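Letters A, B, ... are given to chains in the order of the sequence lines, protein chains preceding strands, and every chain is numbered from 1. Since we're looking at a predicted model, the values are computed, not measured.
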2 protein chains.
Amino acid sequence: MNALADQKLGAADIAALIRREISKGSLQLHDRLPPERVLSETYGAARGTIRKALTHLEKEGFVETRAGSGTYVVHKPDETSTNAIRNATPLELMDTRFALEPHICRLAVLHGRHADFDRMEDLCNRMEECLDDPVAFSEADTDFHRALAECTRNGLLIWILDQIANVRSEDDWTRMRHLTLDSRTIGIYNVQHRQILNAVRTREPERAANIMKEHLETARLSLTRASET
Amino acid sequence: MNALADQKLGAADIAALIRREISKGSLQLHDRLPPERVLSETYGAARGTIRKALTHLEKEGFVETRAGSGTYVVHKPDETSTNAIRNATPLELMDTRFALEPHICRLAVLHGRHADFDRMEDLCNRMEECLDDPVAFSEADTDFHRALAECTRNGLLIWILDQIANVRSEDDWTRMRHLTLDSRTIGIYNVQHRQILNAVRTREPERAANIMKEHLETARLSLTRASET
DNA sequence: AGGCTCTGGTATATTATTGGTTCAAAATCG
DNA sequence: CGATTTTGAACCAATAATATACCAGAGCCT
């Protein structure tokens, strides 16, 4: 997700990737990492580069390496990214968004300011340039929903939405989600985003909430449609 | 990505964007930023401009740059996100519950089972024995709302509600909350809890949601009433 | 025990990449 | 207009990355 797709990976990048695997729990305590020569292939980097990454991780205490044997994980997974949030299914996530986002619309009407709306306008524009770029659209889409949450001035709500966004970004079904994003679907979303923004701007809480429900319903439909294929 | 059609970005704008990426968590501790030459392309600015932005960020302590290597995040761990939950105000919390719990009622109607309802019934009984014991009541009350969330079978929602419950327990205003809990108020809550349980049992989603809203409204009132004294 | 293979550890010469610097032209803004 | 910022380009020095070869310990099998 870091900016560019297939950029060449440096030692620091690889260290970051592995560090995240460990924090996330995909690599658990005492697991052995693949041999350096294999990692070198999977990450498309020379062995020396992998080596530097591992040395770095060892100094940080994430990993321990035993000559002739392998390198092993020595770190408990990060507490903050708990199982509940990692194992959330797409449907659980949709239900949660159904709970939160319509009400966020209402609160945004109450507490949103002009600067917020201008920012959301920018994001709408950006999304409308992304009809054929699902990845860029997704990014802007996430930002839009976060900007909406920021309107509420409610740190707790924003935090919760961020957690949810993390679920969305780290997942296999992010890929699946991108598949459902043909230019027609993106077009529909764009219209709905505009409508939401307008309703918030004109201070119509229930209308904004209802359009948001509609928006989420659209998203849920394309989700179930995708999982049937 | 998004560069081409965007308006022109100055050094300050770019610094702000990157700062945002760091605060949001997309760029974590020890991550290496893309090379200046790449950033210059993605942000549609000259390298010198990027350079200024980075120099600025370095002075602010967000980033550290090593010649020949790259520029790295030194994560000033973001206070707002980790403490968002601890610093939540009572009103923020009420708004969040207003978003979540009515919809949780609807989902509970969909997915709740007899065993769940029996458990909630027990908790209602327990609460009704607590007319004069605010602390014990609060405990059972928290359990009741969690049991309701468990009906949804949605791990993500349950997790979120648990986080919120943690906010509630750790706070000074827990004490304040106990003050508002005279036996009359507890009595009202008990009636509302019963009504919610019944509506969920008889599978009336909107009725359950509406009573929950009423319930939260009652709680919010006694909260504001308490903070005025 | 002996032999084989897989593992990390080390060394090195070469190439590629990155930040650091400078400068003059162009663009922007008050 | 004048002041400031941005641009684009070139070049430098520091560092990282690659490719290759060889070593030594661990583990497994006969």
- [ ] Using a heavy-atom cut-off of under 4.0 Å over every strand shown, decide if A/R51 touches base, sugar-phosphate, or nothing.
- [x] base
Open item on the list: Looking at C/dG9, I'd like to know if its phosphate oxygens (OP1 or OP2) sit under 4.0 Å from a side-chain N or O belonging to A/T55.
Closed with: no
Task: Phosphate OP1/OP2 of D/dT18 contacted by A/T49 side-chain N/O (<4.0 Å) - done: yes
[X] [atom1] - [N] [atom2] separation (whole Å):
X: B/R32; N: C/dG19; atom1: CZ; atom2: C1'; answer: 11 Å
X: A/K52; N: C/dG8; atom1: NZ; atom2: C1'; answer: 17 Å
X: A/I50; N: C/dT7; atom1: CD1; atom2: C1'; answer: 15 Å
X: A/L9; N: C/dT17; atom1: CG; atom2: P; answer: 14 Å
X: A/E41; N: D/dT18; atom1: CD; atom2: C1'; answer: 15 Å
X: A/E64; N: D/dA26; atom1: CD; atom2: P; answer: 14 Å
X: B/L39; N: D/dT7; atom1: CG; atom2: P; answer: 13 Å
X: B/E36; N: D/dA16; atom1: CD; atom2: C1'; answer: 16 Å

Open item on the list: Regarding C/dG19, can its base be found pairing with the side chain of B/R37 as donor and acceptor, where the two atoms are less than 3.5 Å apart?
Closed with: yes
TODO: For the residue pair A/H114 and A/F117, categorise the inter-ring angle as parallel (less than 30°), tilted (30 to 60°) or perpendicular (more than 60°).
DONE: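 Rings of A/H114 and A/F117: perpendicular, over 60°.
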Open item on the list: So if I take every side-chain heavy atom of A/P35 and compare against C/dT7, C/dG9, C/dG19, which nucleotide ends up nearest?
Closed with: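 Looking only at heavy atoms from C-beta outward on A/P35, the closest nucleotide is C/dT7.
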Task: Value rounded to 0.5 Å, distance of CD1 in B/I160 from CG in A/L156 - done: 9.5 Å
- [ ] Quick one: pull up CG in B/N154 and CG in B/L161 and give me the separation to the nearest 0.5 Å.
- [x]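 The CG atom of B/L161 is 11.0 Å from CG of B/N154, to the nearest 0.5 Å.
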TODO: Check step by step if salt bridge (charged side-chain N to carboxylate O under 4.0 Å, His left out) holds for A/D118 and A/R201.
DONE: CA-CA 10 Å; A/D118 292 343; A/R201 259 210 162 103; 2.9 Å; yes
Task: Toward the 5' end of DNA chain D, by each residue's nearest nucleotide, B/A67 or A/R47 - done: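 Checking each residue's closest nucleotide, the 5'-ward one belongs to B/A67.
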TODO: Starting from the 5' end of DNA chain D, give me the residue, B/A45 or B/G68, whose nearest nucleotide shows up first.
DONE: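 Per heavy-atom nearest nucleotide, the more 5' residue is B/A45.
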Open item on the list: Can you tell me which residue among A/Q195, A/E101, A/H145 is in a side-chain contact (heavy atoms from CB on, under 4.5 Å) with A/H215?
Closed with: A/H145
